[in-house]
S.K.: 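Encoded as structure tokens, here's the structure I'll be asking about.
For the single chain, residues carry numbers from 1 onward in sequence order.
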Amino acid sequence: MGKGRLSGAVMASVAACVTLLSLAFASVPAPAQTAFDRPGGDYFSAPVTSGDPEDCALLCERDRRCRSWSFSYPDVDGAAAVCWLKNSVPARVPGSCCISGVRGAGVIEPRVEGVESSIDRPGGDLRNFELKDGESVEACKAACTADNKCRAFTYARPGYTGREARCFLKKEIKPPRRKAGFTSGVVR
């Protein structure tokens with residue numbers, strides 16, 4: 001008799017814990033999604049002079065009408081970064097141009113081993129060069145790995161240091177600094 005009640009009490013406790021955990025996780029907003037756009041539902045847009053997607057997320061947080069947002073990086077034609085506020089939550093579509101999120105969701109950059117998203121390592125340059133159209137952070141990292149004098153690298157997206165993407169190879173490892181539009185890494 002005592003054994004049956006104990007297992008029933010344990011089962012009830014487990015069910016209550018599962019219910020509480022599911023409610024807790026349901027109330028946590030999803031992080032912003034790098035490399036996705038949410039086309040449609042726009043009611044306001046503004047240039048983002050800092051070039052930082054976190055400023056766009058903050059703009060949405062401060063506007064009661066905002067339900068979601070999309071941040072467009074500066075483009076190769078020299079157009080500034082733009083924040084688009086939306087009065088709905090449109091479906092996301094893949095797009096390297098953008099970062100999108102819903103109200104209450106901060107920007108979380110992807111974690112890739114050996115790559116530091118939204119990080120600049122200013123100074124200690126060995127050399128820098130413009131990347132060809134379509135080349136990305138992987139090409140910059142590969143250039144550093146191929147050069148025995150290179151210890152670290154910084155990649156700047158198009159529109160952050162000029163029209164084209166730029167790769168900075170570093171002979172010294174300098175302290176990291178948060179900076180939107182930049183990706184760095186230490187190779188050796």
Side-chain angles (χ1 to χ4, degrees), residues 20-122 131 134-138 140-141 153-168 174-186:
L20 286 174
L21 284 172
S22 65
L23 288 172
F25 285 120
S27 65
V28 174
Q33 298 149 332
T34 302
F36 283 96
D37 190 9
R38 289 185 179 271
D42 303 333
Y43 68 86
F44 178 78
S45 68
V48 182
T49 56
S50 68
D52 193 337
E54 287 187 4
D55 290 346
C56 186
L58 185 59
L59 192 60
C60 181
E61 286 303 309
R62 293 178 175 167
D63 188 329
R64 288 181 178 205
R65 295 173 294 169
C66 185
R67 301 227 15 247
S68 65
W69 54 270
S70 288
F71 170 87
S72 299
Y73 287 104
D75 67 18
V76 295
D77 295 326
V82 177
C83 178
W84 302 87
L85 300 186
K86 299 158 184 301
N87 57 13
S88 62
V89 183
R92 67 183 189 150
V93 296
S96 62
C97 65
C98 308
I99 292 179
S100 294
V102 295
R103 185 182 180 140
V107 177
I108 297 181
E109 298 284 351
R111 290 189 179 237
V112 178
E113 189 174 330
V115 176
E116 306 162 324
S117 296
S118 293
I119 295 293
D120 185 14
R121 288 185 175 268
L131 291 168
E135 288 184 319
S136 65
V137 68
E138 290 82 17
C140 188
K141 183 178 181 181
F153 67 92
T154 295
Y155 165 83
R157 288 183 64 94
Y160 282 86
T161 60
R163 282 185 52 146
E164 305 300 327
R166 192 150 207 87
C167 179
F168 298 85
K174 295 294 187 174
R177 291 193 184 136
R178 187 185 182 298
K179 191 169 186 182
F182 288 73
T183 304
S184 296
V186 175

S.K.: Applying side chain to side chain contact (heavy atoms under 4.5 Å, CB included) to Phe44 and Asn87, what does each step give before you reach the verdict?
M.R.: CA-CA 9 Å; Phe44 178 78; Asn87 57 13; over 6 Å; no

S.K.: Within this structure, what is the CD1-CZ distance for the pair Ile119 and Arg178, rounded to the nearest 0.5 Å?
M.R.: 7.5 Å

S.K.: SG of Cys98 to CZ of Phe36: how many Å apart, nearest 0.5 Å?
M.R.: 11.5 Å

S.K.: Would you name the heavy atoms of Ala91 and Pro39 that are closest together and state the gap between them?
M.R.: O-CD, 3.9 Å

S.K.: Within the distance-only criterion (no hydrogens, no angle test), does the side chain of Lys141 pair as donor or acceptor with the backbone N or O of Phe153 below 3.5 angstrom?
M.R.: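 No, Lys141 side chain to Phe153 backbone: no donor-acceptor pair under 3.5 Å.
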
S.K.: State which residues pass side chain to side chain donor-acceptor pair (under 3.5 Å) with Ser88; sequence neighbours excluded, sorted by chain then number.
M.R.: none

S.K.: Disulfide bond (SG atoms under 2.5 Å apart) between Cys66 and Cys60: does it pass, once the steps are laid out?
M.R.: CA-CA 5 Å; Cys66 185; Cys60 181; 2.0 Å; yes

S.K.: Donor-acceptor check, side chain of Arg103 to backbone of Glu61, threshold 3.5 angstrom: yes or no?
M.R.: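 A pair under 3.5 Å: yes.
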
S.K.: Could you grab the distance from atom CD1 of Ile99 to atom OH of Tyr73, nearest 0.5 Å is fine?
M.R.: 3.0 Å

S.K.: As an exercise, state the distance from OG of Ser118 to NZ of Lys179, rounded to the nearest 0.5 Å.
M.R.: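 Going from OG on Ser118 over to NZ on Lys179, the span is 11.5 Å.
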
S.K.: Can you list the residues that meet the ring pair (Phe, Tyr, Trp, His ring centres under 6.0 Å) rule with Phe182, with sequence neighbours excluded?
M.R.: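 Applying ring pair (Phe, Tyr, Trp, His ring centres under 6.0 Å) to Phe182 gives none.
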
S.K.: Considering all heavy atoms of both residues, which atom of Ser70 and which atom of Asp37 are nearest to each other, and what is their separation?
M.R.: OG-OD1, 3.1 Å

S.K.: Between Asp63 and Trp69, is any pair of side-chain heavy atoms under 4.5 Å apart?
M.R.: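 No, their side chains stay 4.5 Å or more apart.
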
S.K.: Can you tell me how far OH of Tyr155 sits from OH of Tyr160, rounded to the nearest 0.5 angstrom?
M.R.: 10.5 Å

S.K.: OG1 of Thr154 to CZ of Arg121: how many Å apart, nearest 0.5 Å?
M.R.: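 Between atom OG1 of Thr154 and atom CZ of Arg121 there are 7.5 Å.
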
S.K.: It should be assessed whether the SG atoms of Cys167 and Cys140 lie less than 2.5 angstrom apart.
M.R.: yes

S.K.: What's the shortest heavy-atom distance between Cys83 and Leu59, and which atoms?
M.R.: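 Minimum heavy-atom contact is SG-CD2, 4.0 Å.
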
S.K.: Main chain of Pro90, side chain of Arg38: is a donor-acceptor contact present, judged purely on distance under 3.5 Å?
M.R.: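 Pair found, side chain donor or acceptor close to backbone of Pro90.
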
